[in-house]
Q: 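Okay, here's the structure, questions in a sec.
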Amino acid sequence: MRIKSIEEYNTEKSNFDNDPERFWEEKAESFIWKKKWDKVLNWDFHSAKINWFNGGKLNITENCLDRHLKKRANQVAIKWIANNPNEKSISLTYQELHAEVCKFSNVLKKHAIKKGDRVCLYMPMVPELSIAVLACARIGAIHSVVFAGFSAKSLSDRINDAECQALITADGGFRGDKITPLKAISDEAMQTTPSIKTCIVLERTKSKIEMKNQRDYWWHHEMASVDNNFPAEFMDSEDELFILYTSGSTGKPKGIVHTTAGYMIYSQYSFQNVFQYNEGDIYWCTADIGWITGHSYIIYGPLLAGATSIMFEGVPTFPDAGRFWRIVEENKINIFYTAPTAIRALEAKGLDFVKKYNLTSLRVLGTVGEPINEDAWNWYFKEIGGGLCPIVDTWWQTETGGIMISNLAGITTAKPTFATLPLPGIKACIMDDSNSEINENDIEGKLCIKYPWPSMARTIYGDHKRFIDTYFSTFPGYYFSGDGCFKNKDGLFRITGRVDDVLIISGHNLGTAEIESAIDEHNNVCESAIVGYPHSIKGNGIYAFIICHEHPLNTDKSNEEINKLIVKHVGPIAKVDKIQYVNGLPKTRSGKIMRRILRKIASGETTNLGDTSTLLDPTIVESIIKGSINNN
Ligand code: WT7
């Protein structure tokens, strides 16, 4: 099933072009089905109705677990590494994971959770989270994982939106030197979630917690008395597998819905091909299962492919900034997948933390979640990969379910700051402002997908109209990603950032990522964020918030150097008008910069900053405001 050479890659591309349905049907044939499908694809991008493999019946967990038992029962499926480096790791073989998943399926059944019910998981990064995810899928319940960094209000909003019947949580979660009181937060959330009938609590931190009679049950008590066999539920191809919330630029979070067969096929396909997974490789994705990356590339993709997937409970900087590299050495990681924000943060801590460890097991490196600037790419390539490991820059979204645009490690060309090319099977295109497709190269526009792919979101839970409005109405007949994209003269795609972040300066389009990448080239710069603010002559001026390794002694000189770099990398049009040196940027817990807040501060607005509850560290905002007043 894996593409192993550039010739095979080209063949796959032309197979898809010649007969797209046959292309996906062939992928589908390698899975276990309880009943074969009647029709490969029905679709309409106007009403946003997409069905793959209608009439088919299957269970994704049989494909993740049961089908591997013959060949790899004793191979490690999930190896878990604790937050505290002195705590023992836990390895679960395919056989053991199968048994645990069956047991928890029986627990859910005992609590009357059935096919179609929604189950919310609010858990730390522990093996039981993966077990619970898979148990939901095994019984046909729809899982809704909520990242364990979210507040009680965010949790209850998400539970209520999907009317979840059960909540699975823990007494607490370890992250770095902190304990998150997950049960206490859950208790607060459950005061306003009438749909929750059962709450199952995993013991992890041994924190003192309250247990409510007839509602709260200990995980270990429940697991003690159940059978380790559970026949997987028959699911239709289009039965909902999970809901995952993602924030929109406006309004409440959107419950993105993924369904069974298409998601399964695409997560395995993309995993094997992008990372060029080889039998026996040790693979580590550092994401949290609270995000789509963890769903597709810690749990489903790797398990479907029969891989050994590492799951890490902690953070990159605990107990020190060498933790990632220590884990790579100790576990002889072959494939490593992380976010540019982590790379930049670790780069800033200096090479001493890297040099201590032997990283020669690494073969493939990956990044995801945001554009990677050239400086970080080079550091990752040279210092982590030793100049030998291809980097896959993978563009995708919660809504796409799997990686859409990326090089295939070692097979197709990598180019810093370029996600490069859509995977075979993906028809990506670029649109201009008059809503037509641009076919030439060396051009910038908006990134759309014009043909369905198996793992695309099917709807927003409970609000199909919003699904159509958000993704299918800007360019009728196309899925609109919300991202800007530049296609270079060779036809390679570079994602330039969210379109809502694009600045129009003197009538020219400028992508924030491009300018930031230029600023980040400065030796003293750690990270930067650019926003627009109203400017009387140019329409928009550019305001840069910059974190430096050391606060510049002479800011005028530093400003000048930075603008020189921008002129060099982007052009004089992109010179920044104002620079503020800051100690931190307002980031969400998933590492995204909240530009909305920076835009307001840059515009001189220091009150009414809107909802800041999802920020990792809200105090950063106050210090930026103070600095901005001095800067204006
Ligand atoms: C947005 C989706 C996909 C998993 C994590 C994020 C940005 C994602 C890249 C990349 C440039 C990227 C886009 C996209 N993004 N990957 N390789 N290069 N930008 O999922 O939270 O749904 O965010 O992340 O702007 O639209 P998400």
Q: Under a plain distance cut-off of 3.5 Å, with no hydrogens placed, do Ser528 and Asp520 share a side-chain donor-acceptor pair?
A: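 Yes.
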Q: Is a side-chain N or O of Ser628 found less than 3.5 angstrom from the main chain of Ile625, in a donor-acceptor match?
A: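 Yes: the side chain of Ser628 pairs with the backbone of Ile625.
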Q: Donor-acceptor pair, distance only, cut-off 3.5 Å: does the side chain of Glu527 make one with the backbone of Ile547?
A: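 Not confirmed, Glu527 side chain does not pair with Ile547 backbone.
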Q: Which of these passes side-chain hydrogen bond (donor to acceptor under 3.5 Å, both in side chains) with Lys79: Thr93, Asn331, Thr308?
A: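 Among Thr93, Asn331, Thr308, the one that satisfies the side-chain hydrogen bond (donor to acceptor under 3.5 Å, both in side chains) with Lys79 is Asn331.
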Q: Among Lys592, Lys587, Arg344, exactly one meets salt bridge (Lys or Arg N to Asp or Glu O under 4.0 Å) together with Glu370. Which residue is that?
A: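 For Glu370, the salt bridge (Lys or Arg N to Asp or Glu O under 4.0 Å) test succeeds with only one of Lys592, Lys587, Arg344, which is Arg344.
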Q: Looking at Val364, Ile3, Ile403, Ile411, which one forms a side chain to side chain contact (heavy atoms under 4.5 Å, CB included) with Val274?
A: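 Only match with Val274 under side chain to side chain contact (heavy atoms under 4.5 Å, CB included): Ile403.
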Q: Do Tyr357 and Val328 pass the side-chain contact (heavy atoms from CB on, under 4.5 Å) test, and can you show the C-alpha distance, the side-chain angles, and the key distance before you say yes or no?
A: CA-CA 8 Å; Tyr357 300 102; Val328 168; over 6 Å; no
Q: Taking atom types as modelled, find out whether Asn559 and Tyr581 have a side-chain donor-acceptor pair closer than 3.5 angstrom.
A: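 Judged by distance alone, the side chains do pair up.
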Q: Taking Asp490 for the side chain and Leu492 for the main chain, is one N or O donor matched with an acceptor at less than 3.5 Å?
A: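 Flag not set: sc Asp490 to bb Leu492 has no pair under 3.5 Å.
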Q: Ignoring hydrogens and angles, state whether a donor on the side chain of Trp377 or Asp393 is under 3.5 Å from an acceptor on the partner side chain.
A: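 Checked: Trp377/Asp393 side chains show no N/O donor-acceptor pair below 3.5 Å.
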Q: Within the side chain of Arg326, is there an N or O that forms a donor-acceptor pair under 3.5 Å with the backbone of Phe353?
A: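 No, Arg326 side chain to Phe353 backbone: no donor-acceptor pair under 3.5 Å.
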Q: Check whether Arg204 reaches the backbone of Asp171 with its side chain - one donor and one acceptor, N or O, closer than 3.5 Å.
A: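 Absent.
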Q: Looking only at atom types and distance, does a side-chain atom of Ser361 sit under 3.5 Å from a main-chain N or O of Ile333, one as donor and one as acceptor?
A: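 Yes: the side chain of Ser361 pairs with the backbone of Ile333.
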Q: In terms of heavy-atom contacts, does CG of Asp617 have more than 12 from other residues, nucleotides or ligands at under 6.0 Å?
A: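 Yes.
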Q: Would you say the side chains of Tyr245 and Ser154 form a donor-acceptor pair under 3.5 Å?
A: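 Checked: Tyr245/Ser154 side chains show no N/O donor-acceptor pair below 3.5 Å.
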Q: Please walk me through it: do Asp288 and Met125 pass side-chain contact (heavy atoms from CB on, under 4.5 Å)?
A: CA-CA 7 Å; Asp288 193 289; Met125 280 288 286; 3.3 Å; yes
Q: Any chance you could lay out the ring-ring contact (aromatic ring centres under 6.0 Å, His included) test for Tyr266 and Trp396, step after step, and finish with the verdict?
A: CA-CA 12 Å; Tyr266 198 80; Trp396 58 297; 9.2 Å; no
Q: Less than 3.5 Å apart, any donor N or O on the side chain of Tyr380 or Thr338 sitting next to an acceptor on the other?
A: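 Not at all, the side chains of Tyr380 and Thr338 share no donor-acceptor pair under 3.5 Å.
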Q: Between Thr61 (side chain) and Cys64 (backbone), is there a donor-acceptor pair under 3.5 Å?
A: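 Here the side-chain-to-backbone pair does not exist.
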Q: What orientation do His143 and His295 show, parallel under 30°, tilted 30 to 60°, or perpendicular over 60°?
A: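 Plane angle between 30° and 60°, so tilted.
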Q: Can you give me the closest heavy-atom contact between Val392 and Ser406, atom names plus distance?
A: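 Heavy atoms of Val392 and Ser406 come nearest at CB-OG, 3.6 Å.
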Q: Between OG1 of Thr169 and CG of Leu155, what distance do you get to the nearest 0.5 Å?
A: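 Result: 7.5 Å between the selected atoms.
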Q: Would you please classify the geometry between the Phe324 ring and the Phe312 ring as parallel, tilted or perpendicular, with 30° and 60° separating the classes?
A: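 Judged by the thresholds at 30° and 60°, the geometry between Phe312 and Phe324 is perpendicular.
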Q: For Asn523, does the CG atom have more than 12 heavy-atom neighbours from other residues, nucleotides or ligands under 6.0 Å away?
A: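 Open.
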Q: Is it the case that the side chain of Tyr337 and the backbone of Ile298 share a donor-acceptor pair, with hydrogens and angles ignored and the cut-off at 3.5 Å?
A: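 A pair under 3.5 Å: no.
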Q: For Glu279, does the CD atom have more than 12 heavy-atom neighbours from other residues, nucleotides or ligands under 6.0 Å away?
A: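 Yes - once you tally the heavy atoms of other residues, nucleotides and ligands closer than 6.0 Å, there are more than 12.
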Q: Give a yes or no answer on whether the side chain of Asn524 reaches the backbone of Cys548 with a donor-acceptor pair at less than 3.5 Å.
A: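 No, because the side chain of Asn524 does not come within donor-acceptor range (under 3.5 Å) of the backbone of Cys548.
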Q: Checking side-chain polar atoms at under 3.5 Å, does Tyr269 have a donor or acceptor matched by the opposite partner on Ser455?
A: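 Ser455 and Tyr269 do not have a side-chain donor-acceptor pair below 3.5 Å.
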Q: Donor-acceptor check, side chain of Glu313 to backbone of Pro124, threshold 3.5 angstrom: yes or no?
A: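 Not at all, since once roles are kept as given, no pair shorter than 3.5 Å links the two residues.
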Q: Any idea how His258 and Phe242 line up, ring-wise: parallel (<30°), tilted (30 to 60°), or perpendicular (>60°)?
A: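 Rings of His258 and Phe242: tilted, 30 to 60°.
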Q: Could you please spell out the steps behind the side-chain contact (heavy atoms from CB on, under 4.5 Å) verdict for Leu598 and Ile624?
A: CA-CA 9 Å; Leu598 293 177; Ile624 300 178; 4.2 Å; yes
Q: Determine whether Ile426 and Thr400 satisfy the following criterion, side-chain contact (heavy atoms from CB on, under 4.5 Å), listing intermediate values before the conclusion.
A: CA-CA 11 Å; Ile426 301 302; Thr400 69; over 6 Å; no
Q: Can you confirm if the aromatic rings of Phe336 and Trp325 lie within a centre distance of less than 6.0 Å?
A: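 Centroid distance Trp325-Phe336: below 6.0 Å, so yes.
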Q: Are any of the side-chain nitrogens in Lys557 or Glu561 under 4.0 Å away from the carboxylate oxygens of its partner?
A: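 Looking at Glu561 together with Lys557, the answer is yes, because their closest N to O distance falls below 4.0 Å.
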Q: Show the nearest heavy-atom pair for residues Ile405 and Ala428, with the distance to one decimal.
A: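 Ile405 and Ala428 have their closest heavy atoms at CD1-CB, 4.4 Å.
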